[in-house]
Amino acid sequence: MNIKAVVHNLTVHGVHGTYQIYKKRKMDRMKEEKSRLENEQIMALLHSRLQEKYSEKDREKAYAGELKSIFVKEFFPKIYEEESRKPVEHKVVFMERGAKLSISLKYMRKYIKEHTDYEVKTFVLKVRAVSDEQYYKNAKDYIREAATAEAIFICTANDLMGHLKLRPETKYVQLWHGCGVFKKVGLSTIDKSFGKSAKSHKEYPVNTNYSYVTIASPELSWIFEESMGIEKDSGIIVPTGISRTDEFFDKEFIDRSYNKLYEKIPHAKDKKVILYAPTFRGNVETCTTPDVLDIEAFAKELGDEYILILKHHPSVKNLPEIPEIYNETFAFDMTRGHGMNINELMTVADICISDYSSVVFEYSLFERPMLFFVYDLEDYIDARGLYYEFNEITPGPLCRTNEEMLDYIKNIEERFDKQEVIDFKNKFMCSCDGHSSERILALIENKK
């Protein structure tokens, strides 16, 4: 500290407070230096290993795999073991692998901040948005904090903790990012072109160490047992409900969502809203999104009464173009930008068109019409696989063409069966009642 800073801190914080500031800054500098040395050590080890194990022409191809192996199998366990010798701190850690904190984590974090005195640490690792080296450096910081946390919250599968021995004082909670599941995931996809190999799952397990996996209904337990390799009756899978669905029972959130819509699209006040929210196709790293919805036909047939909002999967990089004449007049792509997330869009939507996405599970809480645009049903089942016979459980029509969807929407008053949606909601979303976050918090505080 310079003299001016010292005088200022003594005046504002006193002698003890100034010493604490100095002590913290010193610790931060020591941590930064330690991290720098660790990173240098890791990169030196990586390059040494590449030279020893691979020919010059194969080193570039082997780089990512060796980098992952060094971090996940060697350094993360070492760092975690060292840090977990320290006492547990009164804090919780939220970890997002992607580039932006998901709604699942964001809502639970907000609830904990408002209802507890836990210190809250948040890590957004930015996988695929930054270099592999930076991603693992971000993950290293997360592992270090996780080692002294009372609870860790995640919402997607990840292989960062597969080689750690979690300390017993820490609760590790998988909130999951979807409410229900149509398409197969995890271990259920081993025999599918979409999924990883059995060898890969064994080498880098993605669903280990969980204290709890929170789900929307007891009906879904068997799916998470199968996909995550969790033993039945282990007590790990708990139907607390999904934290982020609590928003749907909050009048302030509902009003705020409509106000956002009208701010973004003023003429929406005089229209009904169709939300189109499909899942991606292919592998996450290179995924695409459907470009089959006929926006021109929808505009001509329904434009007097409706607007169309598109919300593609966040992993999709290249989005379909909306015809210029209908862009921002009838059709609005809110995948990125516009400031409305999927929870807000579901809240304001009068009709939801989806396909194999889990979005329809939470949308069923509103008991509104939904359609399933499944033009590629057989191909999708062959590539990905589904947990249920699709036509037996979907609470709305399976449409192969735009014409079928338009016909249904134009005659929706006569054709919509609300009870079908209610039955679906009661089966798959029965634990989502506006109090899910409260029950999840009780889990980490050992309250039954």
Side-chain angles (χ1 to χ4, degrees), residues 103 177-183 216-217 219-220 242 244-245 247-249 254 257 261 268 271-280 289-290 292-295 297-298 301-302 305-313 331-332 334-335 340-377 380 386-430 432:
I103 304 174
H177 52 279
C179 286
V181 189
F182 286 134
K183 56 194 177 187
S217 166
E219 165 63 28
L220 298 164
I242 303 299
R244 68 184 177 89
T245 63
E247 287 188 318
F248 299 139
F249 299 86
I254 294 169
S257 297
L261 174 68
K271 304 281 186 177
K272 294 178 183 177
V273 176
I274 299 172
L275 172 64
Y276 179 48
T279 193
F280 64 88
T289 193
V292 186
L293 191 99
D294 190 338
I295 293 175
F298 269 69
E301 296 283 344
L302 304 172
E305 189 176 354
Y306 292 92
I307 61 168
L308 174 68
I309 294 177
L310 300 97
K311 188 75 167 179
H312 296 280
H313 193 279
F332 303 82
M334 292 197 178
T335 306
M340 292 190 74
N341 63 40
I342 188 61
N343 269 21
E344 293 165 336
L345 292 175
M346 282 190 284
T347 299
V348 302
D350 297 283
I351 298 171
C352 179
I353 300 174
S354 191
D355 44 21
Y356 321 102
S357 170
S358 65
V359 72
V360 299
F361 287 86
E362 46 261 57
Y363 190 68
S364 71
L365 292 172
F366 296 102
E367 300 178 0
R368 298 172 188 160
M370 61 184 83
L371 295 78
F372 297 82
F373 189 19
V374 289
Y375 60 91
D376 60 347
L377 181 60
Y380 192 89
L386 302 176
Y387 285 109
Y388 295 91
E389 287 295 329
F390 207 53
N391 62 338
E392 292 181 5
I393 67 162
T394 44
L398 303 188
C399 301
R400 304 283 188 145
T401 66
N402 285 277
E403 290 75 19
E404 288 178 278
M405 290 191 290
L406 290 169
D407 180 60
Y408 181 86
I409 292 171
K410 286 191 290 185
N411 296 282
I412 201 162
E413 295 296 329
E414 299 83 39
R415 297 188 185 175
F416 171 52
D417 183 352
K418 185 175 181 178
Q419 188 59 49
E420 191 177 22
V421 177
I422 292 172
D423 292 343
F424 179 89
K425 179 192 74 171
N426 290 341
K427 181 174 184 177
F428 292 106
M429 297 292 293
C430 62
C432 298

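Predicted model, so just to flag it, every value in this text is computed and none were measured. Scope of the values below: all heavy atoms of this structure, side chains included, with no hydrogens, waters or symmetry mates.
- To the nearest 0.5 Å, atoms CG (Asp355) and CG (Asp376) are separated by 7.5 Å.
- Heavy atoms only, all atoms of each residue included: Cys179 and Glu362 are closest at CB-OE1, 3.3 Å.
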For this session: Tell me, with the steps shown, if Phe248 and Thr347 meet side chain to side chain contact (heavy atoms under 4.5 Å, CB included).
Result: CA-CA 7 Å; Phe248 299 139; Thr347 299; 3.6 Å; yes
For this session: Apply side chain to side chain contact (heavy atoms under 4.5 Å, CB included) to the pair Cys352 and Arg368, showing each step before the final yes or no.
Result: CA-CA 8 Å; Cys352 179; Arg368 298 172 188 160; over 6 Å; no
Problem set entry | Test ring-ring contact (aromatic ring centres under 6.0 Å, His included) applied to Phe182 and Tyr356, step by step | CA-CA 6 Å; Phe182 286 134; Tyr356 321 102; 8.1 Å; no
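- Of the inter-residue distances, the one linking Asp417 atom CG with Ile422 atom CD1 reads 9.0 Å to the nearest 0.5 angstrom.
- Side-chain contact between Leu293 and Leu308 is present, with at least one heavy-atom pair separated by less than 4.5 Å.
- Between atom OG of residue Ser354 and atom CZ of residue Phe373 there is a gap of 11.5 Å, rounded to the nearest 0.5 Å.
- Here the closest non-hydrogen pair linking Ile274 and Ile409 is CD1-CD1, 4.1 Å.
- In terms of heavy atoms, Glu413 sits closest to Lys272 at OE2-NZ, 4.4 Å.
- Atom NZ of Lys425 is separated from atom SG of Cys432 by 10.5 Å, given to the nearest 0.5 angstrom.
- In this structure, Val421 and Pro395 approach most closely via the heavy-atom pair CG2-O, 3.7 Å.
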Problem set entry | Verdict with reasoning, Leu345 to Val273, per side chain to side chain contact (heavy atoms under 4.5 Å, CB included) | CA-CA 9 Å; Leu345 292 175; Val273 176; over 6 Å; no
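- Contact detail for Phe366 and Met346: the closest heavy-atom pair is CE1-O, 3.8 Å.
- Aromatic ring centres of Phe424 and Phe361 lie closer together than 6.0 Å.
- A side-chain donor-acceptor contact under 3.5 Å links Thr401 to the backbone of Glu404.
- Checked against a 6.0 Å centroid threshold, the rings of Phe390 and Tyr380 do not count as neighbours.
- A 4.5 Å side-chain heavy-atom check between Leu377 and Arg400 finds at least one atom pair inside the cut-off.
- No donor-acceptor pair under 3.5 Å is formed between the side chain of Asn341 and the backbone N or O of Ile103.
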Problem set entry | Test side chain to side chain contact (heavy atoms under 4.5 Å, CB included) applied to Leu261 and Glu344, step by step | CA-CA 9 Å; Leu261 174 68; Glu344 293 165 336; over 6 Å; no
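- Judged as a salt bridge (charged side-chain N to carboxylate O under 4.0 Å, His left out), and not counting sequence neighbours, Glu247 has no contacts.
- Test Ile351, Ile309, Ile353, Ile295 against Tyr276 for side chain to side chain contact (heavy atoms under 4.5 Å, CB included) and you get one pass: Ile353.
- A donor-acceptor contact shorter than 3.5 Å is absent between the side chain of Glu301 and the backbone of Ala297.
- For Asn402 (side chain) and Asp294 (main-chain N/O), a donor-acceptor pair under 3.5 Å exists by modelled atom type.
- Looking at His313 and Pro278, their side chains never come closer than 4.5 Å, going by heavy atoms from C-beta outward.
- Interatomic distance, CG of Leu371 versus CG of Leu398, reported as 9.5 Å (0.5 Å rounding).
- The nearest pair of heavy atoms linking Asp407 to Arg415 is OD2-NH1, 2.5 Å.
- Between the CD1 atom of Ile342 and the OG atom of Ser357 there is a distance of 7.5 Å, given to the nearest 0.5 Å.
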